[in-house]
Undergrad: 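Take a look at this one; I'll ask things after.
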Number of protein chains: 2
Amino acid sequence: MSNPRQLYPLVFADVALFSVVDDRLHVLLVRRAEAPHAGQWALPGGILKPDVDKDLHGTAQRVLRGKLAVDVPYLEEVCTASGPHRDERGWSISVLYLALLPMDQVHVAVGNKIDALKWVDPFAADAPLAFDHSELLRKAMDRLRAKVERHALPLHMLPQKFTLSQLQRICEIVLGRDLDKSVFRRRLKELHAQNLVEVNGEMVRGVQRPAQLWRAADGFKFIG
Amino acid sequence: MSNPRQLYPLVFADVALFSVVDDRLHVLLVRRAEAPHAGQWALPGGILKPDVDKDLHGTAQRVLRGKLAVDVPYLEEVCTASGPHRDERGWSISVLYLALLPMDQVHVAVGNKIDALKWVDPFAADAPLAFDHSELLRKAMDRLRAKVERHALPLHMLPQKFTLSQLQRICEIVLGRDLDKSVFRRRLKELHAQNLVEVNGEMVRGVQRPAQLWRAADGFKFIG
DNA sequence: TCAATAGTGTCTCTTAGACAATATTGA
DNA sequence: TCAATATTGTCTAAGAGACACTATTGA
């Protein structure tokens, strides 16, 4: 009992940060620079610092600030994982967070201590991640899909201004299936009239009919 | 930094244990015997013991075993609460669990260290609970209602054998609104044919037509 | 027979999916 | 005009809610 790791568990915040790259859903991974699992890829995470963090949400925010040059606009707790053997350093708890990043902010600066970052397709996982992070990633994916399936709008993955076609495409990418354009827009009007604001006078132009631009309403929450 | 409470947070598992008493939803509270908040009512909870618990789920189970003479048949993680000020003893994390107890097992033995237990209507909360437990209770309630609203069946609150009318009554009590008998049973046949098993030859008798008894199918999960 | 609850049937209205039709641009 | 995408309309089938109806018991 002299080892404080047996009296107090290690507490981590791990984050599954999603965005869209090349029309496919991607999640951010970091290559671990230090043991345990040095060289393996993992979800970005870090240990709770009681002298620094206001709460575990703050731990997750601090971890992401250390890795990316941006503040993520959405962060939500998913679940915890705990036990004596999931981390070689001792009895540990990981609180898993789901985060979203706008697709136009995917190219971000790399922080200091990190060996490497990469965005990968969570469906095409080639190698298992460090610790139990493959399982955690699956749970975060399930949560994200369930929310979009329940008609929650992942507006935080879009640029500030977007078209309804872009929004539909994002939902299709997350869900992994095509949606009917008419049904999708009908539901937007029914359920999200107060969450979407028309941006007047600015259209997306191309070799086709210009599309209306929209933005998320003030105080929009990714709920569902 | 010499105080280990600033290096390592206190980690608790707190449980909102629900059942039905007198045709109303109730939650189990304990009166705190020791400081902080001695004498105040709180959700049953306890500190993680890394040398004893296999994981946080195990902590919650151990806490309930210490208070009740039964093993609860359902236990699910809801969320966490964390920060430096929510517990006077230091930076702390509570992992909140939602648990269900069959209504015929509400009268259970009281454990050793507990000053008192009581079942209360979570809607008719007279006084705020200790710590942030009023907020935690609200979140557990929200989770329970959301699941039943999504047609998850809270079979773990019923006796082993039950009638469909009893099942409907439980759902109505949780949701706080009446359900249509025909719609309810139609949905049971559509969605829960594999979750419900007819118990043949045993009817509930009274001054009315006898009702068919059912039980949860083997391996039933309260999902949704 | 009647009260009381169990269990089923039916009608209507709403919603979801499929798919067609129209609109507007640049080349 | 044509290709390409935006936006809207319509038909149909499935599902939900309301409510009535039948069934079976003990008193």
Side-chain angles (χ1 to χ4, degrees), chain A residues 20 23 103 145-153 155 158-159 161-193 195-215 224, chain B residues 20 23 103 145-153 155 158-159 161-193 195-215 224:
Chain A
V20 167
D23 236 32
M103 50 196 295
R145 280 196 159 173
K147 287 166 75 84
V148 175
E149 198 75 62
R150 280 180 241 136
H151 307 140
L153 299 182
L155 299 187
L158 287 166
K161 296 175 181 178
F162 52 86
T163 69
L164 297 189
S165 294
Q166 284 179 304
L167 174 53
Q168 179 177 345
R169 190 81 195 100
I170 287 278
C171 292
E172 289 174 333
I173 288 169
V174 169
L175 296 178
R177 63 185 173 89
D178 286 350
L179 301 173
D180 184 274
K181 185 168 45 174
S182 175
V183 173
F184 185 77
R185 290 175 183 225
R186 185 201 293 154
R187 201 154 42 216
L188 287 185
K189 281 176 188 154
E190 285 168 358
L191 301 178
H192 295 285
N195 288 328
L196 294 172
V197 177
E198 224 165 317
V199 181
N200 286 313
E202 305 194 43
M203 306 285 179
V204 169
R205 301 190 155 265
V207 194
Q208 72 269 358
R209 173 171 175 176
Q212 176 67 52
L213 279 176
W214 299 74
R215 67 169 176 85
Chain B
V20 167
D23 236 31
M103 52 197 293
R145 279 195 161 175
K147 288 167 74 86
V148 175
E149 198 75 62
R150 281 179 241 136
H151 308 140
L153 300 181
L155 299 187
L158 287 166
K161 296 174 181 178
F162 52 86
T163 70
L164 297 190
S165 293
Q166 284 179 303
L167 173 54
Q168 179 177 345
R169 190 81 196 100
I170 288 277
C171 291
E172 289 173 334
I173 289 168
V174 170
L175 296 178
R177 63 184 173 89
D178 285 351
L179 301 173
D180 183 274
K181 182 169 50 172
S182 176
V183 173
F184 185 78
R185 290 174 185 227
R186 185 201 295 156
R187 202 154 42 216
L188 287 184
K189 281 175 188 156
E190 286 166 0
L191 301 178
H192 293 286
N195 289 329
L196 295 172
V197 177
E198 224 164 317
V199 181
N200 284 315
E202 306 195 42
M203 306 284 180
V204 169
R205 302 192 155 267
V207 193
Q208 72 271 358
R209 174 172 174 176
Q212 177 66 51
L213 279 175
W214 299 73
R215 66 169 176 85

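A note on names: the letters A, B, ... follow the listed sequences, proteins ahead of strands, and every chain is numbered from 1.
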Undergrad: Rounded to whole angstroms, how far apart are CD on B/E190 and P on C/dT8?
TA: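 So the CD-P distance, B/E190 to C/dT8, works out to 14 Å.
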Undergrad: Check the distance between D/dG9's C1' and A/K189's NZ and give it to me in whole angstrom.
TA: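 Nearest whole value for this atom pair: 11 Å.
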Undergrad: How do A/R187 and A/K181 order along DNA chain C: which one's closest nucleotide is nearer the 5' end?
TA: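 Whichever sits nearer the 5' end wins; that is A/R187.
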Undergrad: N/O contacts under 3.5 Å, protein versus nucleotides 10-13 of chain D?
TA:
unit_1	atom_1	unit_2	atom_2	d
D/dT10	O4	A/R186	NH2	3.4

Undergrad: In this structure, how many angstroms lie between the P atom of C/dG7 and the CZ atom of B/R169, rounded?
TA: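 Atom-to-atom, B/R169 to C/dG7, this comes out as 17 Å.
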Undergrad: Taking B/R187 first and then B/E190, would you say they form a salt bridge - that is, a charged N and a carboxylate O separated by under 4.0 Å?
TA: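 No, B/R187 and B/E190 are not salt-bridged.
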Undergrad: Measure NE2/A/H151 against P/C/dA16 and give the value in whole Å, please.
TA: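 Distance, rounded to whole Å: 7 Å.
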Undergrad: Between protein and nucleic acid, restricted to nucleotides 25-27 of chain D and to nitrogen or oxygen atoms under 3.5 Å apart, what atom pairs and distances do you find?
TA:
unit_1	atom_1	unit_2	atom_2	d
D/dT25	O2	B/Q208	N	3.4

Undergrad: Among the nucleotides C/dA18, C/dA16, C/dA6, which one has an atom lying closest to any side-chain atom of A/D180?
TA: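 Of all the options, the side chain of A/D180 is nearest to C/dA18.
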Undergrad: Using atom CG of A/L213 as one end and atom C1' of D/dT7 as the other, report the distance to the nearest whole Å.
TA: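 My rounded result for the distance is 15 Å.
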Undergrad: Report the distance from atom CZ of A/R177 to atom P of C/dA16, rounded to the nearest whole Å.
TA: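 So the CZ-P distance, A/R177 to C/dA16, works out to 12 Å.
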Undergrad: Taking the side chain as everything from C-beta on, heavy atoms only, tell me whether B/L175 gets closer than 4.5 Å to B/E149.
TA: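 Side-chain contact under 4.5 Å: yes.
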Undergrad: Nearest-nucleotide wise, let me know which of B/V183 and B/S165 is further upstream toward the 5' end of DNA chain C.
TA: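 Its nearest nucleotide being more 5', the pick is B/S165.
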